[in-house]
2 protein chains.
Amino acid sequence: MLWVIPVSTAHLRLIRDVAHHRSVSKAARLNHLSQSAASQAIAELERELEVSLFDRGRRPLEITSAGKLYLEYCKDVLRRDDELRASLDVLKKQMNGTARVAAIYSVGLSEMSEIEARFAARFPQAELQVQYLRPERVWEAVEMDEADLGLMSYAESSRELVALPWRDEEMVVAVAPGHALARRGFIPAAALQDQEFIGFDDDLPIQEQIDRYLREKKVTVQVVLRFDNIQMIKEAVAHGAGISIMPARVMREDIRQGRLIALRLKPAELYRPVRIVHRRRKIFNEVTSGLLDLLRQEDTRHAA
Amino acid sequence: MLWVIPVSTAHLRLIRDVAHHRSVSKAARLNHLSQSAASQAIAELERELEVSLFDRGRRPLEITSAGKLYLEYCKDVLRRDDELRASLDVLKKQMNGTARVAAIYSVGLSEMSEIEARFAARFPQAELQVQYLRPERVWEAVEMDEADLGLMSYAESSRELVALPWRDEEMVVAVAPGHALARRGFIPAAALQDQEFIGFDDDLPIQEQIDRYLREKKVTVQVVLRFDNIQMIKEAVAHGAGISIMPARVMREDIRQGRLIALRLKPAELYRPVRIVHRRRKIFNEVTSGLLDLLRQEDTRHAA
DNA sequence: AGCATATCATAAGAAAAACCGATATTGCAA
DNA sequence: TTGCAATATCGGTTTTTCTTATGATATGCT
């Protein structure tokens with residue numbers, strides 16, 4: 001049993017044209033149909049609606065009052081259809097031509113602009129959308145499909161997301177220019193013994209890693225302050241509140257400007273893993289998979 | 001080559017339900033379809049639109065941003081569809097249950113209320129819409145299908161309209177109660193010789209008929225005033241401006257109230273033909289053809 | 001009025017599509 | 001990993017839609 005009338009936009013266009021040109025055959029031609037098919041379609045529609053839309057008993061045919069109502073319906077739906085197609089086109093263009101990346105702050109603007117430059121060279125037409133977020137928001141953004149790729153440290157694959165290796169950033173000791181250790185380029189872990197130390201919040205993976213390292217080296221430090229982000233730690237170190245350990249990369253600008261000094265740990269064994277994160281089984285568009293290639297080929301493990 | 005996607009409201013309902021329940025199989029059940037058919041329909045739609053509406057690669061499935069756009073489209077169109085159906089239902093009820101009549105003023109309210117009473121007795125559920133118009137507007141209303149039946153005098157069939165006989169109303173001489181002729185019940189045409197006469201406009205059929213009659217009887221009258229409608233003529237006669245000739249029927253109330261007196265012409269040969277007019281090949285609803293029967297069976301030719 | 005012409009309706013068969021049942025594949029959770 | 005439930009796919013059938021050919025009808029012209 002058929003409950004709904006299978007009226008398609010093709011039908012709507014046909015009816016609209018019939019009403020406009022007051023002719024079935026002309027409307028049929030305009031819609032690439034035989035006159036017969038058009039006639040049948042209209043008759044069928046009228047049968048199903050149980051009203052006559054046109055008075056075909058005179059020529060040129062006349063539209064009935066029911067036909068007028070239906071005509072308005074046709075126009076409204078076709079207008080809405082055009083709207084839909086327009087917005088889908090916009091969306092498609094975006095979806096095919098842009099890659100959306102969410103990155104933690106400490107990946108850094110300067111890092112990103114390098115990547116953006118190479119991306120732009122490879123995909124001149126494409127757009128790269130980057131948003132900087134707190135780590136948990138990066139994860140969320142990828143999970144919610146608000147971003148195609150996420151760049152974040154200490155990420156682990158989960159049921160929802162895959163974490164691919166990207167960089168292992170060497171961690172160094174950050175000191176203020178006036179600090180006692182400031183003149184030495186390399187130091188052993190032991191040199192940190194009893195230093196006033198500015199750490200990350202206890203529950204952050206980076207702090208867990210630092211704690212594990214110091215424990216292994218049997219070094220204890222005096223934690224004087226804790227923050228949940230690198231920016232604050234850098235500021236505190238620069239103000240001489242103590243020393244810290246952080247990825248060398250995030251200090252580059254501060255070193256150049258003389259605000260901070262980096263001391264490399266003698267056997268270099270401490271690295272912050274930064275990973276590329278994406279949804280499992282996600283089908284990337286061309287641009288995004290291109291970007292992914294780009295990122296993975298510069299996979300500079302154990303790089304400064 | 002297929003240019004338009006044959007999407008029906010059935011499809012729209014399906015998509016809407018899939019989005020709402022986040023399940024193809026549930027939506028399929030709700031729409032009395034097999035899971036297979038639903039799956040194919042969605043896949044086909046996505047193929048044609050060149051976007052994916054749902055991410056079926058996870059469970060429960062997720063709606064994409066294109067899917068959200070499409071969902072809004074579905075809801076809008078389905079809402080518009082409901083609207084259409086509602087207004088068509090109202091229209092159908094009206095069309096099946098009402099007869100629309102356009103009548104000239106001089107058919108008279110009292111005449112019409114008689115007819116209405118008999119109509120109401122025969123079709124208790126039905127509605128009778130009567131509008132009183134000037135003669136040319138009655139013709140127009142029927143021609144434009146604004147009225148199903150027209151009641152007007154001196155109508156002739158044309159290419160567009162058919163005129164059926166209805167009544168031949170006896171024409172009488174109208175005089176004011178104080179007039180010299182007022183005491184006589186019957187008069188010959190000759191009695192009108194040189195009387196001050198109030199006529200219709202020259203180009204009206206009724207006046208042509210009166211002129212022809214007087215010419216035949218070799219009677220001349222002094223036309224002192226002309227109007228294009230009976231109401232004004234009655235008023236002028238009542239005020240003693242002169243006598244006139246008009247259908248007896250339209251004077252009934254004025255006679256009862258003593259405003260006018262009717263003198264029958266001795267050989268009664270002057271009749272105003274009132275006709276029922278309708279569009280050629282018009283298909284009447286039950287109520288209207290019932291009304292037509294009613295009118296034609298009381299076809300009182302040569303009646304007062 | 002009757003004929004000519006353009007238009008619409010109808011019939012029958014062909015083409016296209018939508019649909020179903022069965023089965024393979026896949027995502028997810030235990 | 002295995003099992004379960006949901007989705008995709010395949011092959012074949014049914015239903016719908018379309019086309020061509022032909023019949024009916026309205027209108028205009030002679």
Side-chain angles (χ1 to χ4, degrees), chain A residues 1-11 13-15 17-19 21-48 52-63 67 143 157-162 279-283, chain B residues 1-15 17-19 21-48 52-63 67 157-162 279-283:
Chain A
M1 189 159 184
L2 187 62
W3 285 99
V4 284
I5 310 163
V7 176
S8 71
T9 53
H11 284 92
R13 254 178 276 275
L14 179 68
I15 299 288
D17 293 347
V18 168
H21 293 98
R22 308 191 74 181
S23 157
V24 176
S25 14
K26 182 166 263 179
R29 278 194 296 278
L30 288 173
N31 287 272
H32 312 285
L33 271 180
S34 68
Q35 171 269 322
S36 166
S39 175
Q40 289 176 64
I42 296 168
E44 176 70 8
L45 178 59
E46 288 181 325
R47 213 175 55 71
E48 297 277 2
S52 72
L53 301 176
F54 303 105
D55 185 349
R56 262 93 99 256
R58 27 205 112 231
R59 284 169 202 170
L61 56 71
E62 275 173 36
I63 187 163
E143 209 168 29
S157 290
S158 73
R159 181 170 306 286
E160 293 282 312
L161 303 189
V162 179
R279 297 182 89 187
R280 279 188 193 282
R281 296 177 310 283
K282 165 105 182 176
I283 296 150
Chain B
M1 186 159 185
L2 189 63
W3 284 99
V4 285
I5 310 162
V7 177
S8 71
T9 52
H11 283 90
L12 301 185
R13 255 177 274 275
L14 180 67
I15 299 288
D17 293 348
V18 169
H21 293 97
R22 309 191 71 179
S23 158
V24 175
S25 13
K26 181 167 264 180
R29 277 194 296 278
L30 288 172
N31 288 272
H32 312 285
L33 272 180
S34 69
Q35 172 270 324
S36 165
S39 176
Q40 289 175 64
I42 296 168
E44 176 69 8
L45 178 58
E46 287 180 326
R47 211 175 56 70
E48 297 276 4
S52 72
L53 302 175
F54 303 104
D55 185 350
R56 304 240 267 301
R58 32 204 107 230
R59 284 168 205 172
L61 57 72
E62 275 173 36
I63 188 163
S157 291
S158 74
R159 184 174 299 288
E160 294 281 314
L161 303 189
V162 179
R279 299 181 89 189
R280 281 189 191 280
R281 296 176 311 281
K282 165 107 183 175
I283 296 151

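Labels below follow one simple rule: chain letters A, B, ... track the order of the sequence lines, proteins then strands, and each chain is numbered from 1.
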### Message
Rounded to whole Å, how long is the line connecting atom NE2 of A:His32 with atom P of C:dA15?
### Response
22 Å
### Message
Can you measure B:Leu30 atom CG to D:dA6 atom P for me and round it to whole angstrom units?
### Response
14 Å
### Query
Does a nitrogen or oxygen in the side chain of A:Ser39 sit under 4.0 Å from OP1 or OP2 of C:dC8?
no
### Protein proximity profile, nucleotides 25-30 of chain D - base contact B, sugar-phosphate-only contact S, no contact -, cut-off 4.0 Å on heavy atoms
BBSS--
### Message
So, taking the atom named OG in B:Ser36 and the one named CD in B:Gln40, what distance separates them when rounded to the nearest 0.5 Å?
### Response
4.0 Å
### Heavy-atom pair with the smallest gap, counting every atom of B:Leu14 and B:Ala41
CD2-CB, 4.1 Å
#### Entry: Terminal axes of the helix from C:dA1-D:dT30 to C:dA30-D:dT1 (five pairs each): angle between them, nearest 10 degrees
30°
### Message
Please report the interatomic distance CZ(A:Arg281) to CD1(A:Ile283), rounded to the nearest 0.5 Å.
### Response
10.0 Å
### Query
What residues, two or more places apart in sequence or in another chain, satisfy side chain to side chain contact (heavy atoms under 4.5 Å, CB included) together with B:Leu61?
B:Val18, B:Arg22, B:Val24, B:Phe54, B:Arg56
## Note on the structure
Rounded to whole Å, the CD1-P distance (B:Ile42 to C:dC19) equals 12 Å
### Task
Applying side chain to side chain donor-acceptor pair (under 3.5 Å), name anything that partners B:Arg59, two or more places apart in sequence or on another chain.
none
#### Entry: Qualifying residues under side chain to side chain donor-acceptor pair (under 3.5 Å), relative to B:Arg47, sequence neighbours excluded
B:Glu44
### Task
Using whole Å, report how far CZ of B:Arg22 lies from C1' of D:dA5.
16 Å
### Query
Hey, what do you get for CG (B:Leu12) to CG (B:Asp17), rounding to the nearest 0.5 Å?
11.0 Å
### Query
How close or far is atom C1' of C:dT26 from atom CD of B:Gln35, stated in whole angstroms?
13 Å
### Message
Quick check for you: to the nearest 0.5 Å, what is the distance between A:Ile42 atom CD1 and A:Leu53 atom CG?
### Response
8.0 Å
### Task
For A:Glu48 and D:dT15, give me the distance from atom CD to atom P, rounded to whole Å.
15 Å
Identify the pairs formed between an N or O of the protein and an N or O of nucleotides 11-13 of chain D at a distance under 3.5 Å, and give each distance.
none

### Query
Rounded to the nearest 0.5 Å, what separation is found between the OG atom of B:Ser25 and the CG atom of B:Leu33?
12.0 Å
### Task
List the atom of A:Gln35, the atom of A:Ala28, and the distance in Å for their closest heavy-atom pair.
CA-CB, 3.9 Å
### Task
Indicate, with a heavy-atom threshold strictly under 4.0 Å, whether A:Ser25 touches base, sugar-phosphate, or nothing.
sugar-phosphate
### Task
Send over the distance from B:His21 NE2 to D:dT7 P, rounded to a whole Å.
13 Å
### Task
Please state how far atom CG in A:Leu45 lies from atom P in D:dC18, giving the value in whole angstrom units.
13 Å
### Query
Which distance, rounded to the nearest 0.5 Å, do you find between the CG of B:Leu161 and the CZ of B:Arg280?
8.0 Å
